[in-house]
Colleague: 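Pasting a structure here, questions to come.
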Amino acid sequence: MMMVLFMFLSLIFLVSVANLWFFSYMFLFLMMMMMSMVSFVNEFIYLSYFLSIDLLSYSLICLSVWICFLMILASELIYKQNLFSNLFILNILLLVLSLIITFSTLNMFIFYLFFEISLIPIFILILGWGNQPERIQAGVYLLFYTLLVSLPVMLVLFYLNMKFSSLEFYFLVNLDLNLLMYLCMNMIFFVKIPMFFIHLWLPKAHVEAPISGSMVLAGVMLKLGGYGLLRFMKLFLMSGTHFNIIFMLISLIGGVYISLMCLRQSDMKLLIAYSSVSHMSLVLSGILTLNLWGFWGGLILMMAHGLSSSGLFCLANMLYERTFSRSLFLNKGFLNMLPNLSLWWFLLCSSNMAAPPSLNLMGEILLMNSLIFFNKYTMFILFFLAIYSAVYSLFLYSFTQHGKFYSGIYSYQMVSSREFLLLFLHWVPLNLLFLLSDMLFMWI
């Protein structure tokens with residue numbers, strides 16, 4: 001694990017001399033190194049005083065490195081227009097380093113520290129390479145929503161250190177904590193995932209971020225909340241049985257409400273951002289059931305959503321680069337103009353609505369089973385959640401591909417092989433990872 005970190009650190013010294021393709025190849029090489037480290041056990045492996053990985057950490061580190069590799073591939077415009085491309089690569093490298101340490105550390109305080117540090121590269125991405133003046137407001141929302149709820153976590157960590165004389169994940173045991181302690185510890189993860197009512201930073205950040213920022217926000221940053229809950233929920237096995245049901249209901253009913261909002265969006269990026277909130281509400285509810293299927297389904301749907309949502313943002317950006325608009329009313333009729341891109345719209349929208357053989361389907365089946373075992377009345381909410389998920393995915397596909405195209409488009413660029421490669425590398429892992437699903441079941 002330390003070897004991979006040192007490799008990423010050494011890449012920082014090559015930022016000023018290397019180009020986009022060099023860093024793409026290096027990320028792929030490091031991804032292959034990560035894949036050679038896999039071990040099908042649920043214990044912590046490659047154990048040191050500082051870092052270690054188990055299957056939960058491993059899968060999310062792989063997702064982080066993969067999404068960051070695709071971010072570089074998607075951001076060719078930054079190189080063509082020379083928009084501080086060296087700083088951009090440096091920012092991505094720092095982001096990857098902070099994410100790897102967050103997902104692989106054994107110490108709760110180091111986890112908390114790098115959890116917060118990973119905000120800074122995202123903040124710089126939005127402020128530095130965003131398109132509109134509102135990006136400053138979006139960046140402030142992103143920072144302060146998280147920072148407001150992060151101080152209570154530090155106080156809880158001090159309390160746990162006093163209680164256990166250690167902050168290692170190993171020594172976490174079930175405690176009968178009160179509601180205040182429960183909220184202080186978990187609100188940071190509820191904001192990050194994000195839960196309905198405290199989700200408003202996400203649509204703003206997505207809309208104002210460049211394509212790379214949207215990809216990493218949807219692909220990795222939301223997963224930090226899920227990862228934190230999966231790690232820390234063992235503290236709340238007793239108190240969680242009293243409080244979890246409240247947050248599950250807020251998430252599920254909020255997910256249905258957000259799905260209805262998706263049907264009235266005219267901005268492609270906003271629609272995909274709100275669909276992320278809807279999907280992650282299902283993940284949050286599944287994790288809060290505190291049962292095995294919920295934990296499995298939570299990890300699987302996090303992986304699946306990271307790839308499908310990131311792919312949809314790439315597609316929306318491809319249309320934006322050609323029409324200079326994110327409006328669904330101006331991006332119509334692309335089945336006539338770019339039929340080869342319509343295939344990818346269909347494949348990624350169908351994955352987003354959990355059609356087989358995508359990983360989304362497996363995750364949703366596990367989570368729905370988990371929630372119905374927990375309380376049979378949740379099936380009424382899940383019914384609407386599943387139906388509306390399909391409806392807004394079809395709405396997005398049909399509006400962009402059918403109808404009469406905008407008469408103001410006089411010329412546009414054809415889809416390049418780089419863009420096809422980008423979409424291919426999103427879709428293939430998303431639809432073939434179900435063959436490796438035994439690996440995703442063995443971490444607990």
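Please read all numbers here as calculations on a predicted model, not as lab measurements.
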Colleague: Any side-chain to backbone donor/acceptor pair from Tyr227 onto Phe103? Under 3.5 Å, distance only.
Modeller: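 Yes; judged by distance alone, with no hydrogens or angles, the pair exists.
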Colleague: Counting distance only, does the side-chain N/O of Asn161 pair as donor-acceptor with the main-chain N or O of Leu157 below 3.5 Å?
Modeller: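 Not confirmed, Asn161 side chain does not pair with Leu157 backbone.
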Colleague: Step through the shown structure and confirm whether more than 12 heavy atoms of other residues, nucleotides or ligands are within 6.0 Å of CE on Met162.
Modeller: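 Result for CE/Met162: enclosed.
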Colleague: List the atom of Pro429, the atom of Leu307, and the distance in Å for their closest heavy-atom pair.
Modeller: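 Reported closest heavy-atom pair: CB-CD1, 4.0 Å.
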Colleague: How about NZ on Lys163, more than 12 heavy atoms from neighbouring residues, nucleotides or ligands closer than 6.0 Å, or not?
Modeller: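 Open.
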Colleague: Determine, step by step, whether Ile12 and Leu94 satisfy the side-chain contact (heavy atoms from CB on, under 4.5 Å) criterion, reporting the C-alpha distance in whole Å, the side-chain angles of both residues, the deciding distance to 0.1 Å, and the verdict.
Modeller: CA-CA 8 Å; Ile12 291 173; Leu94 293 174; 4.1 Å; yes
Colleague: Measure across Ser370 and Gly286 and return the closest heavy-atom pair with its distance rounded to 0.1 Å.
Modeller: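 Shortest heavy-atom separation between Ser370 and Gly286 comes out as OG-O, 4.0 Å.
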Colleague: Kindly give the heavy-atom pair with the smallest separation between Ile126 and Gly139, and that separation in Å.
Modeller: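 Shortest heavy-atom contact: CG2-N, 4.4 Å.
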Colleague: What class does the angle between the rings of Tyr377 and Phe380 fall in, given that below 30° is parallel, 30 to 60° is tilted and above 60° is perpendicular?
Modeller: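 Parallel.
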Colleague: Any non-hydrogen side-chain atom of Leu282 less than 4.5 Å from a side-chain atom of Glu364?
Modeller: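 Counting from C-beta outward, Leu282 and Glu364 do come under 4.5 Å.
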Colleague: After noting the C-alpha distance and the side-chain angles of Phe434 and Leu361, does the key distance pass the side-chain contact (heavy atoms from CB on, under 4.5 Å) rule?
Modeller: CA-CA 9 Å; Phe434 78 95; Leu361 178 67; over 6 Å; no
Colleague: Under 3.5 Å, is there a donor-acceptor pair between the side chain of Lys204 and the main chain of Arg135?
Modeller: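 Side chain of Lys204 to backbone of Arg135: no pair is present.
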Colleague: Ignoring hydrogens, what is the shortest heavy-atom contact between Val220 and Ser64? Give both atom names and the distance.
Modeller: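 Smallest heavy-atom distance, with atoms named: CG1-OG, 3.4 Å.
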Colleague: Kindly indicate whether the side chain of Ser212, heavy atoms from C-beta on, has any atom under 4.5 Å from the side chain of Phe88.
Modeller: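 Yes, close enough: below the 4.5 Å cut-off.
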Colleague: Is there a donor-acceptor contact under 3.5 Å from the side chain of His426 to the main chain of Phe424?
Modeller: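 No; zero donor-acceptor contacts below 3.5 Å.
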Colleague: First locate atom CG of Leu97, then atom CZ of Phe114, and finally report the distance between them rounded to the nearest 0.5 Å.
Modeller: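 Here the rounded value is 8.5 Å.
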Colleague: Apply side-chain contact (heavy atoms from CB on, under 4.5 Å) to Leu224 and Leu60, showing your working.
Modeller: CA-CA 9 Å; Leu224 282 169; Leu60 288 168; over 6 Å; no
Colleague: Should the pair Phe384 and Tyr388 be assigned to parallel (<30°), tilted (30 to 60°) or perpendicular (>60°) ring geometry?
Modeller: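 Parallel.
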Colleague: Do the two ring centres, one from Phe236 and one from Phe243, sit under 6.0 Å apart?
Modeller: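 No; Phe243 has its ring centre 6.0 Å or more from that of Phe236.
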Colleague: CE of Met302 to CG of Leu63: how many Å apart, nearest 0.5 Å?
Modeller: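 Reported to 0.5 Å precision, the distance equals 9.0 Å.
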Colleague: Do Phe313 and His206 touch side chain to side chain, with heavy atoms closer than 4.5 Å?
Modeller: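 Side chain of Phe313 against side chain of His206, heavy atoms only: contact under 4.5 Å found.
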Colleague: Please work out whether the ring planes of His305 and His279 are parallel, tilted or perpendicular, with thresholds of 30° and 60°.
Modeller: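 Answer is tilted, since the angle falls between 30° and 60°.
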Colleague: Evaluate Phe190 against Phe196 for ring pair (Phe, Tyr, Trp, His ring centres under 6.0 Å), listing each step before the verdict.
Modeller: CA-CA 9 Å; Phe190 292 161; Phe196 186 65; over 10 Å; no
Colleague: So, Thr105 side chain and Thr102 main chain: donor-acceptor pair closer than 3.5 Å or not?
Modeller: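 No; judged by distance alone, with no hydrogens or angles, the pair does not exist.
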Colleague: Does Ile136 CD1 have over 12 foreign heavy atoms under 6.0 Å away?
Modeller: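 Counting neighbours around CD1 of Ile136, 12 or fewer heavy atoms of other residues, nucleotides or ligands fall under 6.0 Å, so no.
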Colleague: Relative to the ring of Phe232, is the ring of Phe169 parallel (under 30°), tilted (30 to 60°) or perpendicular (over 60°)?
Modeller: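 The arrangement is perpendicular - the two ring planes meet at more than 60°.
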Colleague: When the ring centroid of Phe189 is compared with that of Phe247, is the distance short of 6.0 Å?
Modeller: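 Judged by ring-centre distance (under 6.0 Å), Phe189 and Phe247 do not meet the cut-off.
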Colleague: Does atom CE of Met33 have more than 12 heavy-atom neighbours, drawn from other residues, nucleotides or ligands, at distances under 6.0 Å?
Modeller: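 Check passes, neighbour count above 12.
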Colleague: If we only count heavy atoms from C-beta on, is the Met280 to Met195 side-chain gap below 4.5 Å?
Modeller: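 No, every pair of side-chain atoms sits at 4.5 Å or beyond.
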Colleague: Compute the centroid of each ring, for Phe109 and then for Phe115, and state whether the two points are separated by less than 6.0 Å.
Modeller: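 Centroid separation for Phe109 and Phe115: 6.0 Å or greater.
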Colleague: Between Met35 and Tyr58, is any pair of side-chain heavy atoms under 4.5 Å apart?
Modeller: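 Of all side-chain heavy-atom pairs linking Tyr58 with Met35, at least one is under 4.5 Å.
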Colleague: If only atom types and distance count, is the side chain of Ser389 paired as donor or acceptor with the main-chain N or O of Leu385 below 3.5 Å?
Modeller: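 No: the side chain of Ser389 does not pair with the backbone of Leu385.
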Colleague: Which heavy atom of Met215 sits nearest a heavy atom of Ala74, and at what distance?
Modeller: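 So the minimum-distance heavy-atom pair works out to SD-CB, 3.8 Å.
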Colleague: How long is the span from the OG atom in Ser308 to the CG atom in Asn352, to the nearest 0.5 Å?
Modeller: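 One gets 4.5 Å once the value is rounded to the nearest 0.5 Å.
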Colleague: Under 4.5 Å between any side-chain heavy atoms of Met187 and Ile198, yes or no?
Modeller: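 Yes, side chains in contact.
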Colleague: Got a donor-acceptor contact below 3.5 angstrom from the Asp54 side chain to the Ser57 backbone?
Modeller: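 The answer is yes, because a donor-acceptor pair under 3.5 Å joins these two groups.
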Colleague: What closest approach, in Å, do Ser278 and Gly255 show between heavy atoms, and which atom pair accounts for it?
Modeller: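 Heavy-atom minimum between the residues: OG-O, 3.6 Å.
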Colleague: For the backbone of Leu55 and the side chain of Ser59, can you confirm whether one donor and one acceptor N or O come within less than 3.5 Å of each other?
Modeller: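 Confirmed, Ser59 side chain pairs with Leu55 backbone.
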Colleague: Counting distance only, does the side-chain N/O of Lys269 pair as donor-acceptor with the main-chain N or O of Ala209 below 3.5 Å?
Modeller: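 Yes; judged by distance alone, with no hydrogens or angles, the pair exists.
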Colleague: Measuring from Thr289:OG1 to Ile245:CD1, what's the distance to the nearest 0.5 Å?
Modeller: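 Here the rounded value is 10.0 Å.
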Colleague: If you count the non-hydrogen atoms of other residues, nucleotides and ligands that lie under 6.0 Å from OH in Tyr257, is the total more than 12?
Modeller: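 Atom OH in Tyr257 is not crowded, with 12 or fewer foreign heavy atoms closer than 6.0 Å.
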Colleague: Between Phe441 and Met362, is a side-chain contact (heavy atoms from CB on, under 4.5 Å) present by the stated rule, with each step listed?
Modeller: CA-CA 11 Å; Phe441 286 132; Met362 180 181 290; 4.2 Å; yes
Colleague: Could you check whether Tyr397 and Trp345 have their ring centres less than 6.0 Å apart?
Modeller: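 Distance test on ring centres: not under 6.0 Å, no.
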Colleague: Which value, rounded to the nearest 0.5 Å, describes the distance between Met318 atom CE and Leu341 atom CG?
Modeller: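 Taking CE in Met318 and CG in Leu341, the distance rounds to 6.0 Å.
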Colleague: How about Glu168 and Asn107: do any of their side-chain heavy atoms sit closer than 4.5 Å?
Modeller: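 They are in side-chain contact.
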Colleague: Is the shortest side-chain heavy-atom distance between Tyr182 and Asn186 below 4.5 Å?
Modeller: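 They are in side-chain contact.
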Colleague: Rounded to the nearest 0.5 Å, what's the gap from CG on Leu56 to CG on Leu440? Could you check?
Modeller: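 Going from CG on Leu56 over to CG on Leu440, the span is 10.0 Å.
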Colleague: Does Trp201 use its side chain to pair, donor to acceptor, with the backbone of Val191 at less than 3.5 Å?
Modeller: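 Yes, the answer is positive, given that a donor and an acceptor are paired below the 3.5 Å cut-off.
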Colleague: Pick one: which of Asn331, Asn131, Ile211, Leu315 meets side chain to side chain contact (heavy atoms under 4.5 Å, CB included) with Tyr320?
Modeller: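 Of the listed residues Asn331, Asn131, Ile211, Leu315, the side chain to side chain contact (heavy atoms under 4.5 Å, CB included) partner of Tyr320 is Asn131.
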